[in-house]
Amino acid sequence: MGWSWTLGTVAGTAVRIHITFLLFLAWIFGANYVSGGPQQAWSGLLFIVLLFLCVLLHEFGHIFTARAFGVSTPDVILLPIGGVARLERIPEKPSEEFLIAIAGPLVNIAIAGLLMLFGAQLGVDSLATIENAGAGLLPRLAEVNLFLAVFNLIPAFPMDGGRVLRALLASRFGYVRATELAASIGQWVAFALGFLGLFGNPLLIFIAIFVYLAASSEAHLVAIRAISQGVPVTTAMMTQFATLTPDEHVDAAVETLLRTNQGEFPVIDGLGRPVGVLARNDLIRAIKERGADARVGDVMTNDIPTVSNRRCLDEAFKLLQEKSVPAIGVVDAAGRLIGLVTSETIGEMLMLHQAMPAGTRWGPWSRPAGA
Ligand SMILES: [Zn+2]
């Protein structure tokens, strides 16, 4: 993620902090300063820093459990909405995902327990120092840790509770079906939260919208990833498409553009090998800026990621996401362009897949004939 700095490395995991988090701290300080002066500003800041220390410990609960199962964890990033620990992969066994997911909230419960024990011991003293601004700090921290545990256990993606639910379902229904079930349960939970929010806390409405959107995108991603493993890339490519050559003028390209409803035009050399890609918008911009005489080769994007037609679809899907390009070229053994994979072609294959009867579905568990 851009605009973030590494604070340090803990046991091989980089702890990063995003610029919006620093702005958030500045805002907390400023808002407290305005309403209560420097003393309140510092104690407000102290509270938030301690709170995020608890959030970080929560993330390290996930990280150390993941490590125990051999999943590497390159970094954790702090955002104003909380921490996000990046896991290199989701473990195959549902029981392992369950333990990784629940470890975070358990850390918060442990912290709350310790603070209450500690706070109870301080109970007599704190009566004497009630004037002290820091006196309520420990009970307040214990309280928010309990809140964090409960909030994260909401059974909806991307909360830990969503992953706990999926892991529980996955042992019975398989990973893809479990994700679908967990996602739709999550959306019902989001509806319920939003409904409650209407009558009380408006914050619940925001949480509900966030949870609702996140739940549907997670389910979509998992479905595509699972289905695209073990499926040849050729099943999700389009083979009918217009191409351009580098020496063509852009006004000729416009005619091609008008003839088709294609969004991106691969540019190929004399031997049929892809050398670049020209998107609809780039073409229109090129005409405005350089006139109709400009060559396609001078205005195209030179980098078109390709995969061999012998590879699996998940490789093309990964490239689409990592490079954030509109299309992936599929090439044959001689390097000639024979197809294009876009997010639409994958989406269409996915719809087809879902329309098919269960026994004939493609996926890691059953392969199309000849694949
Ligand atoms: Zn968590």
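Order of appearance sets the numbers: ligands from 1, and atoms from 1 within every ligand.
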If you link ILVMFWY side chains whenever their heavy atoms are less than 4.5 Å apart, which other residues fall into the same cluster as Val277? By chain and number, please.
-> Ile304
Set of residues satisfying side-chain hydrogen bond (donor to acceptor under 3.5 Å, both in side chains) with respect to Gln40, sequence neighbours excluded | Asn32, Ser35
Residues forming a side-chain hydrogen bond (donor to acceptor under 3.5 Å, both in side chains) with Asn145, sequence neighbours excluded | Asn108
Donor-acceptor side-chain pairing of Arg67 and Ser72 below 3.5 angstrom = no
How many protein atoms of type N/O/S are positioned less than 2.8 Å from the Zn ion (ligand 1)?
-> 4
Which atom names give the shortest non-hydrogen contact between Ala242 and Phe265, and what distance separates them?
-> O-CD2, 3.9 Å
Do Arg295 and Asp298 meet the salt-bridge criterion of a basic N to acidic O distance under 4.0 Å?
-> yes
